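Report on the structure given below.
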Amino acid sequence: MSLEKHYYITTTLPYVNSEPHIGFAMEILRADLLARWQRSLGNEVFFNTGVDEHGLKIFRKAEELGVSAQEYCDQMAAKFGEMKDSLNLSYNSFIRTTDAHHVAAAQEFWHRCEQAGDIYKKTYNVKYCVGCELEKTESELVDGHCPLHPKMELELIDEENYFFRFSKYQQPLLDLYKSNTQFVLPEARLKEISAFVERGLDDFSISRLKDKMPWGVPVPGDDKQVMYVWFDALVNYISCLGWPAECNEPFDSAQGDNSSNYCRFWPGLQICGKDNLRQQSAMWQAMLMSANLPTSRQVLVNGFITSGGEKMSKSLGNVFNPLDLVKEYGTDAVRYYLLAYTNPFEDSDFTIEKFRAVFQADLANGLGNLASRVSTLLAKNNISLELKRETGAMGEKVAEKLSEYSYNEALRVLWAAFSEADEKLSAARPWKMTEAKEIKECLEPLAQMLLSAGLILENFLPETGARLVSIFGVTQIAKAEALFPRLD
RNA sequence: CGCGGGGUAGAGCAGUUGGCAGCUCGCCAGGCCCAUAACCUGGAGGUCGUCGGUUCGAAUCCGACCCCCGCAACCA
């Protein structure tokens with residue numbers, strides 16, 4: 001009990017300007033797998049996710065729909081919350097950046113950065129397209145003009161905002177990357193962010209004029225400004241842990257359980273998509289340094305999910321809503337595809353055709369059919385078994401793969417065993433055997449393997465894992481119902 | 001010379017100490033009949049982006065080039 005380790009993992013917070021995306025489903029499923037795995041090892045786990053609700057886009061979207069920003073966010077938060085049941089997620093913390101304690105934490109965080117001398121006011125130029133009635137960023141412009149209104153000149157507006165002294169943290173960030181070569185995974189992303197920081201950092205704006213955009217956390221001590229959404233959103237990774245609750249210093253192990261979650265769980269593991277590399281591994285780390293808090297333990301950077309080789313986009317009509325997929329194919333089928341058929345660090349492709357092919361091959365014909373064969377043979381011959389509830393060598397292999405975040409290869413270990421079992425059955429032909437002893441000797445190791453696989457799968461496919469355990473975890477094994485009926 | 005990733009059988013991928021080119025799906029032909037028309041065996045199919053170099057030997061190391069994809073900061 002006293003040896004219990006603390007493990008904190010958090011996803012990024014999806015922005016609620018659109019429906020849940022399959023890429024985020026992959027991210028949160030990976031986090032869920034790691035959280036379940038750590039729990040199964042006996043560690044105490046804090047698993048955070050939530051929604052990012054502030055900012056201009058949300059404000060506009062709500063206006064468009066004719067509801068208040070808060071109402072809009074409530075609706076969207078509920079929609080993202082549905083993923084918990086739909087994908088069978090085990091997170092214990094769902095933070096909304098409009099939560100009062102988060103808002104207060106963001107303000108305290110601001111305050112600390114300010115005390116460190118890292119926040120200052122500066123006037124900067126905003127490029128404004130009158131055609132769109134929108135501010136435009138450099139990256140949105142084509143030849144210095146708004147691509148939608150190329151004939152209109154952009155208006156330059158001076159706006160005074162607060163800035164964060166990002167530039168001050170160039171060297172500390174480089175030191176961080178150098179001292180911990182695993183800080184960002186994969187290595188290529190660490191190289192990418194190092195190269196980016198190496199080139200020099202510009203301070204970034206962390207506030208907006210309230211008149212133009214009121215939907216944000218008020219800047220402490222300045223009622224004319226609200227925080228820029230990133231600044232408040234990033235703080236969620238510690239506000240969800242109860243920060244700014246202070247630690248007992250010196251740490252009193254006898255009262256360990258009385259200390260705040262922040263003290264027990266931070267620093268933690270952050271998992272994000274590759275579009276979040278800068279925010280998570282540079283901006284947020286610099287902010288933590290400024291507030292004089294420990295930097296994150298590690299940042300895992302996922303690739304994207306493409307469809308048919310192309311980036312998913314609404315205009316191409318190749319966007320998949322994970323909730324719809326679950327309704328049609330079931331939770332574990334979606335979990336399986338997103339964990340088994342995505343590359344841990346590079347882009348991966350998703351199409352319905354591939355998804356269905358995988359369902360048929362691996363789930364119906366593979367695991368499902370094997371479970372039927374073995375359970376039926378045992379039941380027909382009325383064989384009783386005393387199997388061990390342990391994961392054995394297979395569990396060790398899976399652990400090894402998971403320790404390097406090879407979610408896909410971890411599952412491949414199991415499916416290789418299923419395939420081997422099918423081969424053994426065909427070679428041994430237990431249905432031809434007449435001696436009960438001989439039959440038992442043939443089937444017992446296979447049933448044991450399936451029970452072990454079930455125990456392991458409870459982390460990947462909780463429902464399927466539990467079903468396998470209930471099928472093979474008894475002495476008198478009965479013919480099992482189909483785990484994954486074939487698709488038509 | 002902005003940064004980074006990738007180009008291996010019809011499709012999707014594995015292959016980081018250089019040593020007969022592999023896996024899954026699909027296709028063809030057998031087998032089996034316990035099982036969810038599932039399972040097993042065998043087969044066809046690749047000049048490993050192009051050119052050059054190092055080496056007894058390179059998909060794997062080095063150089064040049066071509067093509068594809070992200071990112072390029074205040075866009076969450």
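Residue numbers begin at 1 in each chain, while the letters A, B, ... track the order of the sequences. Just so it is clear, the structure is predicted and the values come from calculations on it, not from any experiment.
- Stacking between A/Phe204 and B/C74 is absent: the aromatic ring centre is not both under 5.5 angstrom from the base six-membered ring centre and within 30 degrees in plane angle.
- Residue A/Glu346 contributes atom CD, which lies 13 Å from atom C1' of B/G15 at whole-angstrom precision.
- Put simply, NZ on A/Lys432 is 9 Å from C1' on B/C32, counting in whole angstrom units.
- To the nearest whole angstrom, the two C1' atoms, one in B/U54 and one in B/G46, are 26 Å apart.
- Under the 6.0 Å cut-off for aromatic ring centres, A/Tyr169 and A/Trp284 do not qualify, their centroids lying 6.0 Å or more apart.
- As rounded to the nearest Å, B/A44 and B/C56 have P atoms that lie 34 Å from one another.
- Aromatic rings of A/Tyr337 and A/Phe350 (six-membered ring for Trp) have centroids within the 6.0 Å cut-off, being under it.
- For B/G63 and B/G5, the P atoms lie 14 Å apart once the distance is rounded to whole Å.
- Toward the 5′ end of RNA chain B lies the nearest nucleotide of A/Asn365, the other residue of the pair A/Gln279 and A/Asn365 mapping further downstream.
- Here the separation of B/G53 from B/C40, taken at their P atoms, is 47 Å to the nearest Å.
- When Watson-Crick and G-U wobble pairs are counted only if both distances are under 3.5 Å, B/G26 pairs with no nucleotide at all.
- Separating the CG atom of A/Leu487 from the P atom of B/C25 is a distance of 15 Å, rounded to the nearest angstrom.
- Nucleotides B/C69 and B/A9 are separated by 23 Å at their C1' atoms, to the nearest Å.
- With rounding to whole Å, A/Tyr228 atom OH is found 12 Å from B/A73 atom P.
- When the P atom is compared between B/A11 and B/U50, the two are found 15 Å apart, to the nearest whole Å.
- In this structure, the CZ atom of A/Phe345 is 13 Å from the P atom of B/G6, given to the nearest Å.
- Annotation: cation-pi pair A/Lys274/A/Phe304 present, NZ/CZ under 6.0 Å from the ring centroid and within 45° of its normal.
- Of the nucleotides present, none pairs with B/A38 by Watson-Crick or G-U wobble criteria with both distances under 3.5 Å.
- Between the C1' atom of B/C34 and the CG atom of A/Asn369 lies a distance of 10 Å, rounded to the nearest Å.
- In this structure B/A44 sits in no base pair that meets the Watson-Crick or G-U test at under 3.5 Å.
- Each of A/Thr376 and A/Asp202 lies near RNA chain B, and the nucleotide nearest A/Thr376 is the one positioned closer to the 5' end.
- Within the 4.0 Å cut-off from OP1 or OP2 of B/C74, not a single side-chain nitrogen or oxygen of A/Asn161 is found.
- A centroid separation of 6.0 Å or more is found between the aromatic rings of A/Trp215 and A/Tyr72.
- For the P atoms, the distance from B/C25 to B/C65 is 41 Å, rounded to whole Å.
- Smallest separation of non-hydrogen atoms from A/Phe345 and A/Pro186: CD2-CD, 3.3 Å.
- Distance A/Lys191 NZ to B/G6 P: 9 Å, rounded to the nearest Å.
- In this model, the phosphate group of B/C3 is not approached by any side-chain N or O of A/Arg199 to a distance below 4.0 Å at OP1 or OP2.
- Applying the Watson-Crick and G-U wobble criteria (two distances, each under 3.5 Å), B/C65 pairs with B/G49.
- Under the Watson-Crick and G-U wobble criteria, each requiring two contacts below 3.5 Å, nucleotide B/G19 is paired to B/C56.
- Taking atom P in both B/C48 and B/A58, the straight-line distance is 12 Å, to the nearest Å.
- Phosphate proximity of B/U36 to A/Lys479: present, with a side-chain N or O under 4.0 Å from OP1 or OP2.
- Of the candidates B/C40, B/G70, B/C34, B/C34 carries the atom nearest the A/Arg373 side chain, counting heavy atoms from C-beta on.
- For an aromatic pair to be called close, the ring centres must be under 6.0 Å apart, and A/Trp243 with A/Tyr237 fails this.
- If you take CD of A/Glu438 and P of B/C34, they are 16 Å apart, rounded to a whole angstrom.
- A/Arg278 forms a cation-pi arrangement with A/Phe196, by the criterion of a distance under 6.0 Å to the ring centre and an angle within 45° of the ring axis.
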